[in-house]
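Just so you know, ligand 1 is whichever comes first in the structure, and atom 1 is the first atom listed for that ligand.
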Amino acid sequence: MARLELKKGVDIVADLGGVKTLDEAKAIFADKCDAANLAKVGTIKTEDALIKIANAVAMMQPDSVWFNSGSEEDCQYARDMAIENGEEFKMKLPNQTCHFDLPEDQGRMVSQTFYIVNEDEDISVLAKKMVRSEAYEDIKGKMVGIMKGRTMLVSIWNRGPAGAKAAVPAIMITDSFYVVHSGNILYPNVFSSFDSEVSRTGGIFFCNCHSTGDLCSENIPNARIFMDRSWFTCYSCMCTYAGNTLLLKKGNHRFTVDLCTYYRQESMLSEHMFITGMTGPGGRVTFMAGAAPSGCGKTTTAMVGTNFIGDDLAQIWIENDGTIRGVNPEIGIFGIIKDVNWEGDPYLMKCISGQKPSELIWSNIGVDADLNPHWEGSGEELPAKCIKHYSAQEWTPASDEPVSNPNARFTLSCEQIENYDQASATSSAGVDLKVITYSGRDADTMVPVWVARTPDEGVAIGASIVSKATATEVGATGVNRQPWANAPFTPGPLSDYMDAQFKFFNSDKIKNKPVMAGLNYFLTHEARGSNGKGLLGEKKDVKVWLGWLELYANNDVEAIETPIGFIPKYEDLKKLFDGIDKEYPKSLYDMQFALYVDNIVKRLDLQTEAYSKEKDLPPQLFKVYEKQKAELLALKEKFGAVVAVENL
Ligand code: SPV
Ligand code: MN
């Protein structure tokens, strides 16, 4: 069914660079590298990669080329240069620096991000595309010669532990030391094992070309982020926000989604998910992966685990023994800082506060005269003045902007985080995933936790995520459908992606089907007709919801069957709340878990209508929706529009 054909059409960087042979590539390196860098690149043997890098040199025309071997010396050089050229400045705490992106570049620039497609290719209706010929001209106009007078920086990192089935190596070419510094924190360097990684993947590697170009607000309309699906190559210019420039993250995630959807069906998935482990009775650890749209508590959820693996992305596969395995393609976090505080995030705060000295890059926060960081929701008093701020030099509490951008972030190595299970996270075997969760920002419809009765219902939970817009995407507003929280990174039609999900989770190759669950932390008092205000739950409750899933996955608790799936019993939750020293009145449980039939049916109708517009959608989805709706309406007949748990 491959609607995506690899290596189809012109490889733009290869055409604009014009380098065709290894000898030509070597001549270019000899011309642009000093002896030390020539020696570094001399260790790489993968011909395609050398030619690709040489083409990037020929296209962007830097004065010189530096290779990031991953040595401590090279890592230090990147840190020092990011400071020297002004991309970062030192904060008060040792090893902490801060970087600012332009005010217009504070999140992924969705309207300037395009898939490069061939004439006849279908893409997701949610994405923007540009046909190859047009993208070629755009890249030619904007990126040829863009590095004149600068040094090109070439890093090779892996997206996943070396040797893992689902890992793919990726080349990052940039002229930003901030990008290199960030990448060194977020990805394992595989400069010295690149050749063996490429032979493991059967020749697949990703390539990313970025240049800050002439970086200024006036030039922001010229910013572009392109993903060439056919050639696994990204292009980005006139921007610095890591989500737009550090293309191993979301740029290459889109390529792995394509790989899984079109070439690794029924064997692999590439998801926008955290991975974390929860310790249960007897010290057993149960690993879970969960999807949530950007800014909806994914990092918080991951941090609740006793065995943290990753907070953003998961590469998942069915192992020969029938288990579902998962790896995090990253080794660091690029986390949202808003609302991170001692109460909810002690592990992160230890690193941030310097209690555990950690290398950390801040972005887009407020900085006072003593070079301390300030952000919204820190739980600490705001200063009378910030002397540096993402939107202007000076900030005071009377300023129009908040002290930090809502998408302000911190980049931190997982190794620093106390609950990181480094041995499992860096193992090429991945972790054994028994629970898969899906969540969004849903104020009024779904219960805090529910478990699908069948794999098809599980896939439908992922398909049905909705969420309020957050600051991670520039210009996003309203309540949106967020299928699998992965739609912004799904290049092809959603129907293809959905088909791959049904095939994966129904596969006979899986020995024990995973628990597939929905999570919702965002129910409000208002939506449940209570006198209270705001959220019905708080951050620390996440431990209870995950704790219950841990028990459920190991058959230690029973659950109540409902049309939307299985929900927890009060007594089981009560015990788990006791474990976090929190009162859990039955009245709160009743409010959280009653089924608001009209809201749920409205949601099912909305999804049915929206998905009906997609071509070739797997019919299983509508079957699930129809069945659930019929069962819900039958309950409503009997008990009214709000069905209390004791009626279930
Ligand atoms: C997200 O927005 O989902 C992120 C940050 O993880 S970004 O790199 O912008 O994608
Ligand atoms: Mn993300």
| field | Any K298 heavy atom less than 4.0 Å from ligand 1 | value | no
| request: Look at the aromatic rings of Y241 and F334 and report parallel, tilted or perpendicular, splitting at 30° and 60°. | output: tilted
| query | Any idea how F410 and W362 line up, ring-wise: parallel (<30°), tilted (30 to 60°), or perpendicular (>60°)? | reply | tilted
| remark: Atom name of the N, O or S atom of H272 nearest to the Mn ion (ligand 2) is NE2
| said: Before we go on, tell me: are the rings of F100 and Y390 under 6.0 Å apart, centre to centre? | reply: no
| query | Taking both backbone and side chain into account, is any N, O or S atom of G243 nearer than 2.8 Å to the Mn ion (ligand 2)? | reply | no
| said: Can you confirm if the NZ or CZ of K388 lies within 45° of the ring axis of F89 and under 6.0 Å from the centre of its six-membered ring? | reply: yes
| Can F274 and F308 be said to form a ring pair (Phe, Tyr, Trp, His ring centres under 6.0 Å), step by step? | CA-CA 9 Å; F274 68 80; F308 164 60; 9.2 Å; no
| message | Looking at non-hydrogen atoms alone, which of M109, K249, K250 comes nearest to atom 4 (C) of ligand 1? | response | K250
| query | Starting from atom 3 (O) of ligand 1, which protein heavy atom do you reach first, and at what distance in Å? | reply | S294 OG, 2.5 Å
| query | Taking the N/O/S atoms of D312 one by one, which is nearest to the Mn ion (ligand 2)? | reply | OD1
| said: Does K543, at its NZ atom, have more than 12 non-hydrogen atoms belonging to other residues, nucleotides or ligands within less than 6.0 Å? | reply: no
| note | For atom 9 (O) of ligand 1, the closest protein heavy atom turns out to be Y241 OH, 2.6 Å
| task | Provide the number and element of each atom of ligand 1 under 4.0 Å from a heavy atom of R108. | result | 1 (C), 2 (O), 3 (O), 7 (S), 9 (O), 10 (O)
| request: Identify, for atom 2 (O) of ligand 1, the protein heavy atom at the shortest distance, and state residue, atom and that distance. | output: T472 CG2, 2.4 Å
| task | Might you work through the side chain to side chain donor-acceptor pair (under 3.5 Å) test for E271 and Q501, ending with a clear yes or no? | result | CA-CA 11 Å; E271 299 298 310; Q501 296 282 328; 2.9 Å; yes
| field | Which of the ligand 1 atoms, numbered from 1, are nearer than 4.0 Å to a heavy atom of H272 | value | 3 (O)
| Stacked cation flag R481 on Y611, 6.0 angstrom / 45 deg | yes
| request: Please could you name the atoms of ligand 1 that G243 approaches to less than 4.0 Å, counting only its heavy atoms? | output: 7 (S), 8 (O), 9 (O)
